[in-house]
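What follows is a short report on a single structure.
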Amino acid sequence: MTETPTSPQPMRTDMCGELDMSDVGREVSLCGWVGRRREHGEHLAFIDLRDHTGVIQCVVDGAHDLRSEFVVRISGTVRHRPEGTTNANLATGEVEVGDCTVEVLSAAEPPPFPVDERIDTDEGVRLRHRYVDLRRDRMQRNLRLRATVNSAIRGAMEEQGFVEIETPMLIASTPEGARDFVVPSRLKPGSFYALPQSPQLFKQLCMVGGIDRYYQIARCLRDEDLRADRQFEFVQLDAEASFASQDEVIEFITHAVAAAVEAATGERPGDVPQMTWHDAMERFGSDKPDIRFGMELVELTAVFVATEFNAFKADCVKGIRVPGGAERTRKQLDDLTDAAKRYGAKGLVWMKVDADGAINSPVAKFLSEDELSGIVAALEAEPGDLVLLVADDRRTVRHVLGLLRLELGRPPVNEGGLRFLWVVDFPLFEGVDDNGSPIPMHHPFTMPHPEDTHLLDGSPDDLQNVRSQAYDLVVNGWELGSGSVRIHRGDLQQRIFGLLGISEEEARAKFGFLLEAFRYGAPPHAGFAFGIDRLVAILAGEENIREVIAFPKTQSGGDPLTEAPTPIDAAQLDELGLRVLPPKA
RNA sequence: GGUCCCGUGGUGCAGUUUGGAGUGCACGCCGGCCUGUCAAGCCGGAGGUCGCGGGUUCAAAUCCCGUCGGGACCGCCA
């Protein structure tokens, strides 16, 4: 193929959405897609020409056979629209392009769904024709916002001395954490690479390698079930800094996020408050509290220390107050009870506060006057309110009420502003495994809190109370990301492995290369990673990260456009030394 | 692994509760008319395996079972 010689005239001189009164009289050439057209017989037609910047009305001879989504080049003269025909709803509505020459660059079949935004189209249809969907304003806006955020983050990290390093996509599988995606090796049949769940170990190796401050906008892959805020593949700002404390890392990341928010919204967010994990769990029933609204969990255990009511003879009783919730019907309350049970509670006690302040509840007759007044006082319940109580072990109470709180009070994604929050002092361990060994909450390289190191020698209960130097960034109830100060000394690491029930041999097999690296001079280091998909979704006012991803997967992990995943042929399997088993019965 | 919701011309929806002829609305599409529209207007037209399979019934978009696809959530996601 020979290239077409460079045209003496540019294909286009201007963007559709950028023409205004200052362009009147200019000869312009515009390229784009045909949007709506209004035809008035063979002598006059109005064509809305669209590119990613917007729409401009072109006045053409009606004999042109232009259809929706044709790709055209239109040349003409910008002119002021005649008196009374301007369109205030259009950014370019004061002008139009007249005396048009039209060139059809590509004809097009009618689109499978309208490109204008007047109706919501089924997401499956949108994904099957994503290339059409991407033309729509919403996707253009979201993807460009995402690019802006990426760019701001890069700028902020580099300003702070971080160096962008790329780490491999084909790595060794480590048994910890989420399910790996694996890639069969051709040169070593029977062996597999894993795709990285995160560049965690590599960034720590970078610290040993003297990189000092590493960052990467990194693709991460986890083979776990998909959700509105989870895809198989997602993108994180991944960062690690040598000789840095928790507070310094928090500062670095806060700065990067603030830069992203400012680039996206024009407003720089204020200081980000911190909350301990313990407070978050007790007050919000979640380690990612949505602090845009109240309805906090209120401790009621003390009110029922001597209760006669069996259901409240529990480790923990907490309640939430739903302002104005007394209007809920019996059916709605039954639905809430069902939800509470689905979330793991044995039941849900509801109480309505009547206009006279009396408690209306199926269990009121089992409670003493003191207990009833204690509930009202602790929750500051007022007439018209609904109060929901759960009694169980502390974990369950927090979990169930935390979810009910969200179900009943959570504002839509685009309301209530951006409420960032650092959750700090996470526990080092979370429960125990089948062998009675504590389970690391973050990962086994997480540094214990300096004030709690003495507890490492203590009882199993003491161990559960050890705090770590791990911290999460939360916004509006979304976990944006997490990080920690890492253990960089072999002796402490051995001790933690010992507590976790990981033998020396096992540790060497799983993480030998990292432990070996640490023997050659490891700086103290700490890091963080946060999800860019989630940040962009929140900034775009989207409930779902698929709306900020150009080509996302569906909840069942498929791509309706390419139909991935697909079988591969026998020859390909053969080369990899693989055989596919028949599906399980 | 589990719970719940959805699936009706190209698109969005109504119809399903209480079974009775593929019935209806809006957009789009095709053709005609139309020289200032902008969600152009007017006239005419085409377009359907009611996701798929089975069952109940004289009769199923509608009821039942299964299945596929999409979505929300619990579990899972160090």
Side-chain angles (χ1 to χ4, degrees), chain A residues 35-49 55-63 65 67-69 81-90 92-93 96 98 109-129 132-133 174-180 197-198 200-201 220-232 234 335 338-345 399-400 403 406-407 426 428-431 433 438-446 468 470 479 482 484 500 502 510-511 531 543-544 546 553-558 560 563:
Chain A
R36 296 201 153 265
R37 46 195 207 289
R38 296 168 291 282
E39 293 171 344
H40 293 253
E42 55 181 313
H43 297 296
L44 176 69
F46 299 98
I47 303 297
D48 286 342
L49 183 65
V55 167
I56 178 79
Q57 172 167 287
C58 301
V59 186
V60 306
D61 192 298
D65 188 25
R67 303 294 167 121
S68 277
E69 301 306 310
R81 289 201 189 184
E83 188 75 31
T85 65
T86 58
N87 183 350
N89 297 323
L90 205 59
T92 59
E96 64 188 11
E109 292 177 21
F113 54 91
V115 176
D116 24 270
E117 313 256 341
R118 292 209 312 282
I119 42 171
D120 263 342
T121 300
D122 176 76
E123 203 186 340
V125 177
R126 291 173 54 204
L127 292 181
R128 197 148 35 250
H129 303 276
V132 173
D133 193 40
T174 53
E176 300 291 311
R179 196 177 294 112
D180 279 327
Q197 296 178 23
S198 82
Q200 180 64 37
L201 299 176
C220 305
L221 299 105
R222 295 178 190 173
D223 188 2
E224 297 290 348
D225 288 357
L226 293 81
R227 289 286 163 76
D229 62 349
R230 275 161 37 189
Q231 285 270 304
F232 284 154
F234 57 101
D335 288 347
D338 288 344
K341 286 178 179 166
R342 275 203 307 279
Y343 297 148
H399 177 68
V400 172
L403 289 171
L406 291 176
E407 202 165 307
F426 272 72
L428 190 61
F429 305 112
E430 183 185 33
D433 65 18
I439 302 164
M441 191 159 193
H442 189 57
H443 59 55
F445 315 111
T446 307
S468 67
E479 181 193 323
S482 59
S484 62
L500 296 174
I502 298 174
K510 286 178 175 175
F511 316 109
E543 306 271 4
N544 193 306
R546 292 190 297 272
K553 305 277 188 291
T554 65
Q555 198 163 61
S556 53
E563 300 196 304

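Note on naming: letters A, B, ... go to the chains in the order of the sequence lines (proteins, then strands), and numbering restarts at 1 for each one.
Listed by chain and number, the residues in a side-chain contact (heavy atoms from CB on, under 4.5 Å) with E42(A) amount to none (sequence neighbours excluded). With sequence neighbours excluded, the residues satisfying side-chain contact (heavy atoms from CB on, under 4.5 Å) with E39(A) are R37(A), A45(A). By the ring-ring contact (aromatic ring centres under 6.0 Å, His included) test, F445(A) pairs with H443(A), F511(A), sequence neighbours left out. Qualifying salt bridge (charged side-chain N to carboxylate O under 4.0 Å, His left out) partners for R67(A), counting only residues two or more places apart in sequence or in other chains: D65(A). The salt bridge (charged side-chain N to carboxylate O under 4.0 Å, His left out) test applied to D116(A) returns R36(A), R118(A), not counting sequence neighbours. In this structure T554(A) satisfies the side-chain hydrogen bond (donor to acceptor under 3.5 Å, both in side chains) test together with S556(A), sequence neighbours excluded. Not counting sequence neighbours, the partners of L406(A) by the side-chain contact (heavy atoms from CB on, under 4.5 Å) test are D290(A), F293(A), R410(A).
In terms of polar N and O atoms assigned as donor or acceptor, the side chain of R67(A) never comes within less than 3.5 Å of the base of rG28(B) in a complementary pairing.
Across every non-hydrogen atom of G557(A) and F232(A), the tightest pair is CA-CE1, 3.5 Å. Between T121(A) and R126(A), the closest heavy-atom pair is O-CD, 3.4 Å. Nearest heavy atoms, Y343(A) versus V400(A): O-CG2, 3.8 Å.
The nearest whole Å value for the distance from the CD atom in E407(A) to the P atom in rC74(B) is 10 Å. At whole-Å resolution of the value, CD in E42(A) and P in rU35(B) are 9 Å apart. Between the C1' atom of rC74(B) and the CG atom of L226(A) lies a distance of 15 Å, rounded to the nearest Å. Rounded to a whole Å, the CG atom of D116(A) is 10 Å from the C1' atom of rG28(B). Distance CZ (R179(A)) to P (rG1(B)): 10 Å, rounded to an integer number of Å. Distance CZ (R230(A)) to P (rA72(B)): 11 Å, rounded to an integer number of Å. The separation between L403(A) atom CG and rC73(B) atom P is 11 Å, rounded to whole Å. Spacing between atom CG of L406(A) and atom C1' of rC74(B) amounts to 14 Å, rounded to whole angstrom units.
In this structure, S68(A) does not reach the rG28(B) phosphate: none of its side-chain N or O atoms is under 4.0 Å from OP1 or OP2. Contact annotation: Q555(A) reaches the phosphate of rA72(B) (side-chain N/O to OP1 or OP2, under 4.0 Å). Residue T85(A) places no side-chain N or O under 4.0 Å from the OP1 or OP2 atom of rU37(B). N544(A) has a side-chain polar atom (N or O) that falls below the 4.0 Å cut-off from OP1 or OP2 of rA72(B). Phosphate proximity of rC77(B) to H443(A): absent, as no side-chain N or O sits under 4.0 Å from OP1 or OP2. OP1 or OP2 of rC74(B) has at least one side-chain nitrogen or oxygen of R227(A) nearer than 4.0 Å.
Taking the P atom of each, rG47(B) and rA40(B) are spaced 26 Å apart, rounded to whole Å. Taking atom P in both rG20(B) and rA26(B), one finds a spacing of 24 Å when rounded to whole Å. The same atom, P, is picked in rG54(B) and in rG24(B); the two are 29 Å apart, to the nearest Å. Between the C1' atoms of rC42(B) and rC64(B), the separation comes to 50 Å (whole Å). Using P as the reference atom, rG69(B) and rU17(B) are 28 Å apart when rounded to the nearest Å. Taking atom P in both rC25(B) and rG15(B), one finds a spacing of 15 Å when rounded to whole Å. rG48(B) and rU57(B) have their P atoms separated by 32 Å, given to the nearest Å. Rounded to the nearest Å, the gap between the P atom of rG51(B) and that of rU8(B) is 6 Å.
Residue contacts shown for H129(A) are absent, as no nucleic acid heavy atom lies under 4.0 Å away. Within the 4.0 angstrom heavy-atom criterion, only backbone atoms of the sugar-phosphate kind lie near P440(A); the bases stay farther away. Nucleic acid contact for T86(A): base, since at least one base atom lies under 4.0 Å from a heavy atom of the residue. Residue contacts for R128(A): at a heavy-atom cut-off of 4.0 Å it reaches no nucleic acid atom on any strand shown.
Side chain of P110(A), nearest nucleotide from rG1(B), rC29(B), rC38(B): rC29(B).
Pair assignment for rA72(B): rU3(B), on the basis of Watson-Crick or G-U wobble contacts that are both within less than 3.5 Å. Shown here, rA60(B) forms no base pair; nothing in the strands shown gives a Watson-Crick or G-U wobble contact with both key distances under 3.5 Å. Here rC77(B) sits opposite no nucleotide as a Watson-Crick or G-U wobble pair (both hydrogen-bonding atom distances under 3.5 Å). In this structure, rG66(B) forms a base pair with rC52(B), meeting either the Watson-Crick or the G-U wobble geometry with both donor-acceptor distances under 3.5 Å. Base pairing analysis places rC25(B) opposite rG12(B); the two distances defining the Watson-Crick or G-U wobble pair are each below 3.5 Å.
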Atom pairs, protein N/O to nucleotides 40-42 of chain B N/O, distance under 3.5 Å:
unit_1: rA40(B); atom_1: OP1; unit_2: R36(A); atom_2: NH1; d: 2.5
unit_1: rA40(B); atom_1: OP2; unit_2: R38(A); atom_2: NH1; d: 3.4
unit_1: rA40(B); atom_1: N6; unit_2: E39(A); atom_2: O; d: 2.5

Does the protein touch nucleotides 5-13 of chain B at the base, only the backbone, or not at all? Give it as B, S and - per nucleotide, heavy atoms under 4.0 Å. -----SSS-
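Between the CZ atom of R81(A) and the CG atom of N87(A) there is a distance of 5.5 Å, given to the nearest 0.5 Å. Going from atom CZ of R38(A) over to atom CD of Q57(A) covers 5.0 Å, rounded to the nearest 0.5 Å.
Between E96(A) and I439(A), the one whose closest nucleotide on RNA chain B sits nearer the 5' end is E96(A). Residue G558(A) is the one, among Q200(A) and G558(A), whose nearest nucleotide of RNA chain B lies closer to the 5' end (criterion: closest heavy atom).
Not a single donor-acceptor pair under 3.5 Å links the side chain of S468(A) to the backbone N or O of S484(A).
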